[in-house]
Structure formats: C-alpha cells, structure tokens
Asker: 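Pasting a structure here, questions to come.
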Amino acid sequence: MHKTQDNRAWFLILPVVILVAFSAVIPLMTVVNYSVQDIFGPGQRYLIGLEWFRETLRDPEVHRAFLRQMAFSGIVLAIEIPLGVLVALALPRAGWKSSLAIVFLALPLLIPFNVVGTIWQLYARPEIGFFGRVINDLGIGFNYTADPISAWVTIVVMDVWHWTPLVALLAFAGLRSIPDAYYQAARIDGASRVAIFRYIELPKMRSVLTIAVLLRFMDSFMIYAEPFVVTGGGPGSATTFLSIRLVNMAVGQFDLGPAAAFSLIYFLVILLVSYVFYTILQRVSAQ
Amino acid sequence: MAQIVIDSLRHSYDGNLSDPGALALKQVDLTWEDGRAYALLGPSGCGKSSMLNIISGLVRQSTGRILFDGTDVSDLPTEKRNIAQVFQFPVLYDTMTVEQNLAFPLKNRRLPTDEIRRRVADVAEMLDLGPLLKKRASGLGAAEKQKISLGRGLVRSDVAAVLFDEPLTVIDPHVKFELRRKLKLLHEELGLTLIYVTHDQSEALTLADEVVVMAEGEVMQAGTPEQLYERPSHTFVGNFIGSPGMNFIPCRAEGERLVFSGGSLPLPPALSRSISSGQSLKIGIRPQHLRLDTSGTPQIAAHLIELQPRGDSYVADLRIGETALAMRVPDDVALPAAPFGVSFPPKHTLLYADDSLIGDLDA
C-alpha cells in the first residue's frame, strides 16, 4: 500500500482541536497551573512543584471528608439501586397507568439541586417540617442541625428521594426491552417469580444497571448543592463532603493552590473508582 | 402425550364477543389425536398463534373449552398444563450454560439431581448438543439456540404436546432442512404430539401427518396433505396451497352444462341437484391437471400468454376467453404458438358453490 502524504489534512482536524482546547484542555491547564505554584499576588508567583499535592494528601480534614464521601456514596448506592429495581418491577408495563406513573416518578428529577436542598431543609425541620415533626412525634429525637445522625439520615433520605427515580427509569427501560417470549417460555418451563428475576430480568437489565451504578456513583461522589443548603456541611463537619471541603478551601479560605491540587486529585479519584466499577461489572457480565 | 380437544372455542383480545368479524378466533372445534404431527397453516394474522397460545395457556380463551385426554384444562395455568412450546425466536437463559438451560424446566419442577442429569444427557444426545453442554448458551448460533429451546421442551417426560410457533423463521435455509428432518425423526421415535404453526406450506406439507388450514380466525379445512391438495374444501385452501395455486374459473349452470367465458363443460346431474339458484359457481382445477387436448376436435381453445420455467417443468399462463389460467407443462412438451385445445379431466375438475366444494365433474 502506498501512503499519500498530504499535510493539508491537519486543517480538517483543526476545528476539533480548537473546540477541545477551549472546552477542556485550557480550563484544566489553569487548574494545573495553580496547583503547582504558590501565588501571593499578581506579580509574586513561585513554582513549588508538587508541594500542594503532598499537603492535600496529608491533610486530615481531607481524609475525613474522603471517608465521609465514600460512606455516603456507598450507602446511597446500596439503597438506590435495589430500590430502583423494585420500583421498576412494580410499575405497570404499558398503557396510560404506565405513562402516568412514569411522569410522577420523574418529577423529583426535574427539580434543581439547590431547590431540592431547600425543600428538604424545610421538610425535615423538627419544629415546622412535616418529616421532622412526624419523626419527633414518634418519640425519636431528630434535629439535623444539631445531631450528626439526624443530618446524615436527612441527606441520605433526600438523595434517595431525588435519585431513585433515575435508577427506576433506567431499570424500567431495561425491563421493557425484554420480549414477551421470554416470560412465556419461563411460564412453560415452570419458573418461579424469583427465577424469572434472577435468570431473565436481571441479566437483561445488566447493561442499564451498569450505567445506573456509574451515574449514581459519579453524581453522589460530587454532591454539593443539596447538603450545602440543608446542613452547610454541619453539624460541625459531620456532613462536609469533598465538594464542600473543596469550596471552603477555594472560596472560603482563598487557598487557590491547595484547592487546585485537591480538584485534580478529586477528579482522578472519580475517574479511578468509575473505572474499577466498570471493570468489575464487565467482568461479572462476562462470566 | 395426550389427545387434545378444542371445544367451541372463541376468542377476542379485547373481550368483546358481540362483533363476530373482529374475533381473533371464531368458533373453532378440533381434535388433535395423540402422537400425530399437525401443522397449523395460514397467513399472518389468521389466528394460528392465538390458537397455540390458548392451548398452552399463555392466553385465556374468551369462551369454549380445552380438554387434555378428556380433562378440562381451561382454567389451569401454563406451568400446570404439561405443554412444551418453542417460539419463533430462540429463548435462552443467557447466563446459563447449555446444560443448565436444558435442566431448568426440571429444576423448577424439583426433580432429583441424578434424574435431571440423566434426562439432560438423553436430550443432548438426541439433539446432538453433547459437545456444547458446558458452553454458555448466549454465544451460540441461531440453529443451536433453537435446538436448546426445543430441548427444554423434550427434556420433560410428561409433556402432552410440543407446540411450535414458526420455529424455523430465523434459521438459515440449509440448516432448516436438517432441523425439519430431525424434528420428524424425533416425532416418530418418541411418538410426540406435535402442533406446528407455520405460514410456509412446504414446511407444513412435509412435516405433518395432518394439516389444519386457518384463515381469519376460522378453520378452513383439516386433512392430510393429499386431501388438502387434491380436494380443497374451500377456494381459500386451493389458492393458499400449491404454487401456483388452484385455478378458479367463474361459471354458471345452464341446463346440463357449466358455461364460462371461452367454453363450457358437462355438468353431471348429481352435481346440478346440489346447486341452488343464486349461488356463485366456480370451477377449480390444479395447474398440473389441465391437459393439452390432442383429440383433433378441441372443445376449449387457449392462447399462450407466457411460459415461466420452473426447473423440471414450465408454468404456462393461458387465456381461455376472458379467463386467465395457469397450466403445468412437462419440459419435454412443446406448446404450439397458435391457439390450442385444453381438456379438463372430470375427476380432477372440482365445482365450488359460494367458495365451498360441492363435488367433482366425474360424479
């Protein structure tokens, strides 16, 4: 094969190069830029190498925020994925009832994040909020502004309320794609309801559930607006997740260098964990 | 295995039986004898799949009864009916191996493990699936997958009948032939009652001891392939079976003759008595029964319009008066270019009144 050399081809990829540069590379480089310099003023900047990264990785506040974040994502995934699948299984399969159920189900997904926070901030108030009042009336002391457990319960319940519908909708789409013949064959084969779920529905939902797990992991790992509005990261730092910690650093303390280093580490962690999840789920399905 | 009786079955998917024209099945009475192979043949939408699903219990009929060996099973759910069914597209449990797929119906019915193993081995042997047993079912070709679907039916010793819903649709033609032979062999070996839904007449005629032709929710005719071919009881069956289908020539009775555009034929008195006035009459004759009239004094003259080669023979498109006809001609017979005489052998020339067979002209 003879290869044609024509450097004009470079012009053809120029638009993409420019687009990617402005949308991703240049903003990212700004962060990289900040992360390796110590800046005192417009004229006073010193290259300090990886010092901010080391400092961030050693910061006990960051460690705690990281553990909280992992716990939060773990809890939320453990509740939302099975619950979403259950909801999807319970939805009517077709007809106007199905459409109506889907509209109601999708409502929380249409609410802006900080509005979700505001709703729950009011809803869970021990004195005036319905949720908070009912729990307190049951004789359980519940006050998310003072008690860390109450704060966690509020934020987890809020996230489950907000995002389970997404999982349910994805799972429902997976269920809908199963041809009737599978259910008919299962009846011929005398399969129980559990066996139908285990051998037909779950395998057929596998790819959408992989997407659901990845989306919910990434989103929950980056959660900011809702806990910020509800608890502001408190009481104390009980609900200070990574994003809240990051914003405190960057905006509150104006530590742009450490915050930039933190951002990059944060980004790499999400990338890494997502990759691990994806690989595991692919492995499971290849078995 | 069992005898299956369908007793005055009617079905409508929306539950409304008041409009007979809209019914998926209009009044079906049929008996499927134990150990025979049946084909349920008809165009798309004629109700053949509905019939199958009603027998297996996947669909509950609106009215009527289904009897297995005299027992009414109308209210039994599918899993209690001892029916095996193979669908148009192979249904497999993707996460299981071939072996686990075959064992699944038995495991669900809680058979002892060694019994399951023995049966699965038997069925794998029968269907030549032995080497694939440990493989994952999802990676196999369509033919193997369909064999596994069939195997899940055969593995149960208690099945009253095996129902097939156009199972060879997605199979390559050359494999199709082999699977069909295999199926016929299994039927003879195991004495299975087979009900095989298809819209492919050659499949129906080669596979079945008896063919049931359906159209628009009704059974048009049930009989052996020969009966359907030689004496279709309805013009629909004559048209549907055979390629090309039967010739039908509109005609009228005038005294002792049947008159049609371009000629007439003698009408036997026995037949003329069973015609009532006002009925629309048609003469029916298969293309290969039409003969070249070499008597020298031909009664009916035909013009050749076109010759279509069909390998070992030709199909000649003829015109007799206003009537178009197809005639099968062996390839060693040359048709004259000028108008020539054709004869209608009375034994094979059938008369239809309002589309129903009333007899042949040999009566």
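Quick note on labels: first sequence line is chain A, next is B, and so on, each numbered from 1.
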Asker: May I ask you to check whether over 12 heavy atoms, not counting those of E115(B), lie within 6.0 Å of atom CD?
Answerer: yes

Asker: Tabulate, in ascending numerical order, the residues of residues 98-108 of chain B having at least one heavy atom closer than 4.5 Å to a heavy atom of chain A, or enter 'none'.
Answerer: F104(B), P105(B), N108(B)

Asker: Only pairs of heavy atoms separated by less than 4.5 Å count here; which of V86(B), L92(B), N82(B) has the most with chain A?
Answerer: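 The answer is L92(B).
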
Asker: Does R110(B) have more than 12 heavy atoms from other residues, nucleotides or ligands lying within 6.0 Å of its CZ?
Answerer: no

Asker: Is it the case that over 12 heavy atoms from other parts of the model lie below 6.0 angstrom from the CZ atom of F131(A)?
Answerer: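 Yes.
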
Asker: Go through the atoms of R81(B) and report whether side chain, backbone, both or neither lie under 4.5 Å from a heavy atom of chain A.
Answerer: neither

Asker: Within residues 171-190 of chain A, which residues come under 4.5 Å of chain B, heavy atom to heavy atom?
Answerer: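 Near chain B, by residue number: A181(A), Y182(A), Q184(A), A185(A), A186(A), R187(A), I188(A), D189(A), G190(A).
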
Asker: Take atom CD in E189(B); do more than 12 heavy atoms of anything else shown fall under 6.0 Å from it?
Answerer: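 Result for CD/E189(B): enclosed.
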
Asker: Would the number of heavy atoms belonging to other residues, nucleotides or ligands and lying under 6.0 Å from CD1 of I149(A) be above 12?
Answerer: no

Asker: Is the number of heavy atoms from other residues, nucleotides or ligands under 6.0 Å of E216(B) CD greater than 12?
Answerer: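 No, because the 6.0 Å sphere around CD of E216(B) holds 12 heavy atoms or fewer from other groups.
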
Asker: Should we count OH of Y13(B) as having more than 12 external heavy atoms under 6.0 Å?
Answerer: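 Yes.
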
Asker: Tell me if the OH atom of Y278(A) is crowded by more than 12 foreign heavy atoms within 6.0 Å.
Answerer: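 Counting other residues, nucleotides and ligands, OH of Y278(A) stays at 12 neighbours or fewer.
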
